[in-house]
Amino acid sequence: MDVLRITFLRIVYSALLLAAVVVLNFVMIHLAPGDVADTIAQSMGGADAEILAQIRADYGLDQPFIVQLGQYIWKVLHFDLGSSYYYNRPVTELILERLPATLLLVITAQTLALVIGVVTGVFSARRPNGFLSHLVTIVAFFGHAAPVFWTGILLLIAFSLQIHWFPVGGMRDVTVTGGFWAHSFDVARHMVLPVFTLSTTFLALYSRLCRASMMETLGSDYVRTAKAKGLPMRSVVYKHALKNALSPVITLAGLQFSAVISGAVLVETVFSWPGLGTLAFQVIVARDTPTILGILFFSALIVIAGNLLTDLVQRLVDPRVRTGQ
Amino acid sequence: MELRRRTFIGAMMASTMLVRAGMAQETPTKGGTLIISQADGTPRVLNPAVQSGTGTGLPGTKLFATPLRFDENWNPQPYLAEAWEVSEDGLQVTLHLRENATFHDGVPITSDDVAFSIDVIKNNHPFKTMLAPVTSVDTPDPLTAVINLEHPHPTLILAMSGPLMSIIPKHIYGDGQDLKTHPRNSEDVVGSGPFKLVEFQRDEHIILERYDGYWEDHLPHLDRIVIRILPESSGRTIAMENGELQLTAFESEPTVIQQLQKADGVTITNDGYGGIGPIDWLAMNTTRGPLQDKRVRQAIAYAIDKNFILNALLFGTAKDARTGIHPDSPFYNPDVPTYEFDLDKAAALLDEAGFPLKDGKRFELNIELPGFPGYRSRTEYVKAALAKVGIEVTVRSYPDFASWADVMGKMEFDLAWDNVYNWGDPVIGVHRTFISSNIGNGVWSNTQGYSNPKVDEILALAANENDQAKRKALYDEFQAIVAEDLPLYPVNATPLYTAYSDNVGGLPKGIWSVLDPMDGAYLKA
């Protein structure tokens with residue numbers, strides 16, 4: 001019952017949040033000087049005032065602001081995100097076309113960062129002054145400090161230009177022929193660099209946090225009791241301490257989910273990954289209001305879903321959350 | 001892949017038929033996939049009849065044929081039209097179409113389609129001056145189209161080439177839907193050119209495949225052209241260096257150009273950009289403050305060291321440009337007043353104009369930093385250079401193109417770097433900047449507010465003059481007047497380069513760079 005009530009409240013809050021995302025961004029885009037008619041003119045190498053006026057009339061941009069906002073909200077309430085000004089296609093279609101690529105990138109990167117972060121964190125917590133611990137600290141600082149686009153370009157120079165291991169961009173090589181496995185291998189090959197770039201930043205965070213939290217847990221009384229009664233160290237660490245130590249890592253992972261998505265915008269742009277990030281970058285520059293809002297709407301949905309999922313996992317791992325103690 | 005060797009005679013015939021390929025050195029290889037890219041992102045649509053620009057033009061010129069093509073000496077050559085003639089009075093242009101040309105669905109291309117396409121372009125294409133004098137198109141028989149003109153219109157011949165006059169099928173687009181938003185502009189495209197559309201994946205690639213029904217039996221050489229969408233210049237450069245890409249075009253960043261020049265097995269050239277004809281200039285708003293005085297504008301030009309911009313900021317990648325007409329154009333006149341760097345002359349002109357130096361300062365101006373990349377160093381240079389003659393310049397920057405274009409379109413600026421394309425004929429891309437009837441008519445109009453009745457008169461005459469020599473004389477005079485009046489200070493032809501791997505042959509040698517059918521391109525064995 002409790003779960004249902006909390007989930008219901010969550011959904012109500014989420015709906016309010018989505019409404020705020022839409023309205024605030026609509027206002028912000030509108031406040032900026034210039035509009036999509038200018039960027040269409042740019043893509044065409046110029047257009048006179050008459051053509052600009054025609055474009056504005058076609059998309060209703062000549063209407064008063066409040067009318068435009070009202071019309072947009074009315075459409076969203078009817079599950080219609082409108083049509084892209086720039087591409088002349090339904091926004092939902094444009095987004096759904098790219099969503100799988102982004103989810104593939106984001107989920108793989110987040111999972112990889114979590115798994116490697118936790119494993120290295122635990123190892124270095126057991127020997128806080130060992131070689132691995134220092135290595136993790138250095139890599140973590142580096143990964144967290146370096147901007148993703150910089151890491152991305154460095155990796156490209158190293159692994160695409162110097163040694164031809166991985167392709168420079170995109171998700172598929174159109175010259176690859178063969179069945180499902182050949183294509184899967186091809187996509188995997190294209191994924192390596194972007195996933196690595198995106199995960200390094202978060203890997204660093206998770207690893208550092210896991211190390212600290214594990215060290216704290218290993219110093220607590222119940223761990224000492226477990227050791228005193230003669231349990232093997234492996235059992236103490238993985239059966240008793242890890243569950244407690246993971247709790248803050250999971251919380252952070254949930255909070256970081258939105259950061260992973262915004263990081264994906266940069267990574268996708270550097271690697272020409274055909275996902276939502278690349279689309280977002282293009283349509284923001286093009287002032288394609290319906291598509292920008294559609295992407296923000298979907299991103300907000302993904303973040304909300306991610307946070308909800310984090311809560312549920314938290315409850316599974318840590319019984320204290322369930323009972324509210 | 002089957003390699004078919006051509007006999008010597010076959011190769012000779014191929015090279016004569018392929019006029020713009022010139023003398024073929026190697027025997028072109030049949031088949032293969034050419035992977036190319038360019039600086040633009042995903043094009044809005046693939047149909048150049050309703051959308052101009054290089055993004056649409058790159059796939060569009062392969063999908064759709066035009067009546068004519070242009071060689072590197074700016075001479076028209078047959079393409080979809082085998083022959084053409086202009087009537088004595090210049091009021092009729094007759095096209096004789098080739099007999100065996102078909103659209104990608106097998107339907108023959110007729111004069112009806114030409115008439116339909118011209119009507120669509122006239123009503124939807126943003127370059128209105130291109131076809132404005134066209135009153136009607138007669139179709140006496142399926143292979144003859146007669147274009148009737150209100151007055152002689154020399155621009156028309158060029159406007160029938162490159163990305164400007166794609167012939168589109170009436171039986172597909174004539175269904176009554178609005179052409180600008182027609183779904184077939186980017187899906188299930190039925191074209192008239194040497195390549196047909198296989199797949200258009202936005203942000204990924206456009207796959208084009210050889211059309212077997214193309215009228216030249218042995219063309220195109222390539223099986224496929226894949227246009228990869230790689231808007232990041234670093235990614236394109238590395239892909240050229242490691243061989244993932246075989247060609248990239250419209251490269252304009254000096255550092256990228258230098259890197260590609262150093263790459264092994266890659267040739268880089270700025271040939272073939274005369275048709276597109278981009279120029280960088282410092283726009284000066286002649287309707288505001290001290291800039292209303294011609295002497296102030298000239299003083300600003302004297303205070304700017306053009307050689308510093310060309311050599312230090314652009315690393316010598318750009319050609320000098322002295323007028324609003326591109327240096328590669330047959331109408332370019334280099335013998336116009338120039339402004340060699342001279343601070344004393346600048347100061348004297350400013351004194352003369354009534355702006356003496358007071359406490360080290362004469363007056364203040366704003367300069368707009370364009371919302372597109374590549375102009376920051378030049379903008380900051382102008383600020384530093386003008387400070388030396390006592391003009392205090394404030395740099396105003398913009399986050400993106402739209403916000404900058406808004407200010408330019410409304411003429412709310414003093415100085416601004418601008419980048420404007422000729423698009424082949426002065427009537428299309430040059431007149432718009434200088435005629436007084438186009439003042440403040442959106443971005444890339446006469447945003448300088450320049451008005452000179454003499455210039456209006458010369459340009460009106462040049463637009464109607466079919467005699468090439470007389471027309472050239474008119475444009476020479478125009479360029480001299482404008483270089484004196486100086487509503488804008490032209491500095492350089494925007495560096496645009498094509499880089500290609502050494503294994504690519506038969507690349508277009510016209511005025512439209514890769515905005516060409518590319519039916520003669522091949523991969524060397």
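Just so it is clear: chains get the letters A, B, ... in the order the sequence lines come, proteins before strands, and each one is counted from 1.
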**Message:** Using heavy-atom distances under 4.5 Å, tell me whether B/D406 contacts chain A through its side chain, its backbone, both, or neither.
**Reply:** both
**Request:** Check each atom of A/R98 against the heavy atoms of chain B and say whether the ones under 4.5 Å are side chain, backbone, both or neither.
**Result:** side chain
**Request:** To the nearest 0.5 Å, tell me how far B/R44 CZ sits from A/S84 OG.
**Result:** 8.0 Å
**Prompt:** Which pair of heavy atoms, one from B/L230 and one from A/S272, lies closest together, and at what distance?
**Reply:** CD2-OG, 3.3 Å
**Message:** Within the structure provided, determine whether B/V443 and A/Q42 are in side-chain contact (heavy-atom separation under 4.5 Å).
**Reply:** no
**Fill in**
Cut-off 4.5 Å, heavy atoms of chain A, and the answer for B/F127 is side chain
**Prompt:** Does A/R287 reach the side chain of B/S403, with side-chain heavy atoms less than 4.5 Å apart?
**Reply:** yes
**Request:** Hey, could you give me the CG/OG distance between B/N242 and A/S160, rounded to the nearest 0.5 Å?
**Result:** 6.0 Å
**Prompt:** Is it the side chain or the backbone of B/W404 that comes within 4.5 Å of chain A heavy atoms, both, or neither?
**Reply:** neither
**Prompt:** chain B heavy atoms under 4.5 Å from A/V36: which part of the residue, side chain, backbone, both or neither?
**Reply:** neither
**Fill in**
Residues B/D203 and A/P274: closest non-hydrogen pair is O-CB, 3.9 Å
**Complete:** Most heavy-atom pairs under 4.5 Å with chain B, out of A/T39, A/D35, A/I40, belong to A/I40
**Asked** Which bit of A/Q282 comes within less than 4.5 Å of chain B, counting heavy atoms only: side chain, backbone, both or neither?
**Response** side chain
**Prompt:** What part of B/R432 gets closer than 4.5 Å to chain A, counting heavy atoms only: side chain, backbone, both or neither?
**Reply:** side chain
**Message:** Can you tell me which portion of B/P183 sits under 4.5 Å from chain A's heavy atoms? Options are side chain, backbone, both or neither.
**Reply:** neither
**Message:** If I measure from the heavy atoms of chain B, does A/L94 come under 4.5 Å with its side chain, its backbone, both, or neither?
**Reply:** side chain
**Request:** Tell me, for B/I207 versus chain A, whether the close heavy atoms (under 4.5 Å) come from the side chain, the backbone, both or neither.
**Result:** side chain
**Message:** For the interface with chain A, which of B/G41, B/A239, B/S186, B/G440 has the highest count of heavy-atom pairs at distances below 4.5 Å?
**Reply:** B/A239
**Pairwise distance CD1(A/I153) to CD1(B/I238) - rounded to 0.5 angstrom** = 7.5 Å
**Message:** Only pairs of heavy atoms separated by less than 4.5 Å count here; which of A/I284, A/V285, A/T278 has the most with chain B?
**Reply:** A/T278
**Prompt:** To the nearest 0.5 Å, how far apart are CZ in B/R202 and CD in A/E93?
**Reply:** 8.0 Å
**Atom group of B/E244 that falls short of 4.5 Å from chain A, counting heavy atoms** = side chain
**Request:** Inspect the surroundings of CG in B/D264 and state if more than 12 heavy atoms from other residues, nucleotides or ligands are less than 6.0 Å away.
**Result:** no
**Backbone N/O of B/T181 and side chain of A/N88: donor-acceptor pair under 3.5 Å** = no
**Within 6.0 angstrom of A/Y59 OH, more than 12 heavy atoms from elsewhere** = yes
**Message:** Among B/D40, B/N185, B/T42, B/I276, which residue has the highest count of heavy-atom pairs closer than 4.5 Å to chain A?
**Reply:** B/T42
**Item:** Which of B/G442, B/S52, B/P43 touches chain A most, by non-hydrogen pairs under 4.5 Å
**Value:** B/S52
**Request:** Step through the shown structure and confirm whether more than 12 heavy atoms of other residues, nucleotides or ligands are within 6.0 Å of CZ on A/F65.
**Result:** yes
**Asked** chain A heavy atoms under 4.5 Å from B/Y421: which part of the residue, side chain, backbone, both or neither?
**Response** neither
**Prompt:** For B/K128, is it the side chain, the backbone, both or neither that has a heavy atom under 4.5 Å from a heavy atom of chain A?
**Reply:** side chain
**Message:** Atom CZ of residue position A/F196 - does it have more than 12 heavy atoms of other residues, nucleotides or ligands inside 6.0 Å?
**Reply:** no
**Asked** When rounded to the nearest 0.5 angstrom, what is the spacing between CZ in B/R228 and CZ in A/R172?
**Response** 11.5 Å
**Item:** Contact origin within A/L161 toward chain B - heavy atom pairs under 4.5 Å
**Value:** both
**Request:** Take B/E187 and A/R89 through the side chain to side chain contact (heavy atoms under 4.5 Å, CB included) test and state the conclusion after the steps.
**Result:** CA-CA 11 Å; B/E187 278 156 37; A/R89 289 177 76 224; 3.5 Å; yes
